[in-house]
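Following: one structure in structure tokens, then a few remarks.
Note that the structure is predicted; figures quoted are calculated from it, not measured. Within every chain, numbering begins at 1; the chains are lettered A, B, ... in the order of the sequence lines, protein sequences first and strands thereafter.
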2 protein chains.
Amino acid sequence: MTESISRRPGRPLGGQLVVDREHVLDAAERVIRREGANASLEAVAVEAGVTKPIVYDRVGGRADLADALAERLADRIVLATRTAIAGETLSQTGLTRFIEANLLTVADHRELFLYVTGGSTEQTALGRLSLAGMSTQPLAKTLAVWRSGIQQDPGVAEAWAFGIVGMLQMVSQWWITQEGLSAAEVAGQISELLWNGLPGRS
Amino acid sequence: MTESISRRPGRPLGGQLVVDREHVLDAAERVIRREGANASLEAVAVEAGVTKPIVYDRVGGRADLADALAERLADRIVLATRTAIAGETLSQTGLTRFIEANLLTVADHRELFLYVTGGSTEQTALGRLSLAGMSTQPLAKTLAVWRSGIQQDPGVAEAWAFGIVGMLQMVSQWWITQEGLSAAEVAGQISELLWNGLPGRS
DNA sequence: TGCAAAAAGTTACCAGCAGTAAGTAATGGG
DNA sequence: CCCATTACTTACTGCTGGTAACTTTTTGCA
């Protein structure tokens with residue numbers, strides 16, 4: 001699906017960029033989907049129909065690429081989960097749907113998910129928070145709306161948001177390697193934990 | 001603290017290995033503590049007083065090294081958390097101490113934690129589960145003992161264990177980058193969530 | 001119209017690192 | 001005394017992230 005592009009150097013007509021940032025990111029997603037999480041920047045450049053320095057100019061280095069893709073994936077997850085609970089009031093079944101939507105979205109972008117969660121390197125290892133950081137803010141807001149008590153203390157909401165994102169991330173990672181375990185099933189279990197707490201309702 | 005070692009080739013007296021697996025792993029931990037999560041195998045070899053092929057012979061490649069170190073770290077976390085709740089019956093304050101112990105142990109091994117959680121490469125990106133997998137089994141057991149309902153369904157215990165480990169992992173990663181936020185404080189917040197559930201006790 | 005400056009890309013490279021093949025020195029058995 | 005084995009090193013390959021320097025086209029302006 002790579003549209004054939006004039007690869008010759010020189011300033012094109014109208015001073016328009018031949019490939020923009022989004023085009024490169026699209027190419028990166030295709031490569032990752034095809035080749036897995038170990039996709040190289042070189043391969044991304046080829047898929048985008050350009051050379052490596054262009055990739056660096058448009059999106060930066062490997063860490064930046066991971067960040068950008070994390071943001072995209074986070075957006076999709078947020079969209080899917082928001083849609084799953086649209087207009088509903090907080091309930092356990094709603095939470096289950098929320099979690100199930102998360103799982104299914106991750107499964108839809110399996111390789112991308114693995115790239116993003118495992119993709120940060122070295123110094124930016126703190127960048128593991130990339131996916132978390134991106135999806136954490138919307139989640140924190142959602143939490144604050146859902147549970148009134150948090151509204152006064154955004155610090156708590158942040159800790160909870162990171163915690164929940166971490167939980168969903170790890171469960172997702174574990175689940176996509178499992179055979180014969182439905183998303184609904186797992187979502188129900190995690191929902192039960194997150195809703196009723198560790199000791200359960202008596 | 002590298003003990004000076006005969007670097008010369010040849011079969012040493014008694015056919016004893018000059019450096020064993022544990023020695024290499026110790027060296028790896030020192031290097032990671034000193035140089036951060038981007039430590040190379042070459043550096044590990046130098047620190048251990050040997051050459052690269054020895055490292056490969058003793059522990060395998062980079063992924064295997066990450067796995068081995070993950071197991072060590074997981075053991076320490078399990079030990080610390082178990083100790084923190086030793087002999088206690090399940091309670092929210094006990095859970096808080098459990099989480100705090102987890103946070104403090106991670107902080108004690110900051111760089112190692114980042115190496116292990118971010119260290120897996122490519123195919124083994126599923127190896128992100130390394131740390132999780134190691135600490136998950138003991139945690140699942142602990143959960144089963146704590147909460148009787150789970151005992152009959154080990155599948156639930158597994159999902160919960162992965163979820164909780166993921167939550168703790170992400171919270172740890174977030175917390176060690178924060179300034180002026182005590183472990184006890186964060187532990188209390190997460191404990192509250194994990195104990196009373198998202199909607200809270202009414 | 002002619003020409004310099006800027007824009008947009010490419011080529012060609014470097015450095016570092018994971019991983020391995022082949023060679024070499026010391027030991028012990030026959 | 002010699003040869004096979006053991007234990008280790010040297011020296012390499014291949015790949016990948018990242019960058020410096022060059023080339024081509026267009027635009028602005030005198």
Of the nucleotides [options], which one has an atom closest to the side chain of [X]?
| X | options | result |
| --- | --- | --- |
| A/Lys52 | C/dT10, D/dT9, D/dG17 | D/dG17 |
| A/Thr51 | C/dT10, C/dT20, C/dA18 | C/dT10 |
| A/Tyr56 | C/dC17, D/dG18, C/dT20 | D/dG18 |
| B/Arg62 | D/dT9, C/dA18, C/dT10 | C/dA18 |
| A/Leu41 | D/dT10, D/dG18, D/dT19 | D/dG18 |
| B/Ser40 | D/dG17, C/dA18, D/dT19 | C/dA18 |

> Is the closest side-chain donor-acceptor distance between A/His23 and A/Arg58 under 3.5 Å?
Replying inline: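 A/His23 vs A/Arg58: no donor-acceptor pair found between side chains.
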For atom [atom1] of [X] and atom [atom2] of [N], their distance in whole Å:
| X | N | atom1 | atom2 | result |
| --- | --- | --- | --- | --- |
| B/Asp57 | D/dT9 | CG | P | 11 Å |
| B/His23 | D/dA7 | NE2 | C1' | 15 Å |
| A/Ile54 | C/dA8 | CD1 | P | 10 Å |
| A/Asn38 | D/dG17 | CG | P | 10 Å |
| B/Arg21 | D/dA7 | CZ | C1' | 19 Å |
| A/Glu42 | C/dA12 | CD | P | 13 Å |

> Between atom CD1 of A/Ile77 and atom OG of A/Ser172, what is the distance when rounded to the nearest 0.5 Å?
Replying inline: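 Answer rounded to 0.5 Å: 7.0 Å.
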> Roughly how far, to the nearest 0.5 Å, is the CG atom of B/Leu181 from the CH2 atom of B/Trp174?
Replying inline: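 If I round to the nearest 0.5 Å, the distance is 5.0 Å.
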> OP1, OP2 of C/dA8 versus side-chain N and O of A/Arg58: anything below 4.0 Å?
Replying inline: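 No, A/Arg58 has no side-chain N/O under 4.0 Å of OP1/OP2 on C/dA8.
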> Which residues pass the side chain to side chain contact (heavy atoms under 4.5 Å, CB included) test with A/Glu29, sequence neighbours left out?
Replying inline: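 For A/Glu29, the residues satisfying side chain to side chain contact (heavy atoms under 4.5 Å, CB included) (neighbours in sequence not counted) are A/Leu69, A/Arg72, A/Arg76, A/Leu112.
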>> Restricting to side chain to side chain contact (heavy atoms under 4.5 Å, CB included), what partner residues turn up for B/Val59, sequence neighbours left out?
In response: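 For B/Val59, the residues satisfying side chain to side chain contact (heavy atoms under 4.5 Å, CB included) (neighbours in sequence not counted) are B/Arg21, B/Val24, B/Leu25, B/Val55, B/Leu65.
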> Counting only heavy atoms not in A/Glu88, do more than 12 sit closer than 6.0 Å to its CD atom?
Replying inline: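 Counting other residues, nucleotides and ligands, CD of A/Glu88 exceeds 12 neighbours.
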> Can you check whether A/Thr142 reaches A/Arg82 side chain to side chain, under 4.5 Å on heavy atoms?
Replying inline: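 Answer yes - side chains close enough.
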>> Need the bend value for the helix from C/dT1-D/dA30 to C/dG30-D/dC1: angle between end axes, 5 pairs each end, nearest 10°.
In response: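 About 30°, once rounded to a multiple of 10°.
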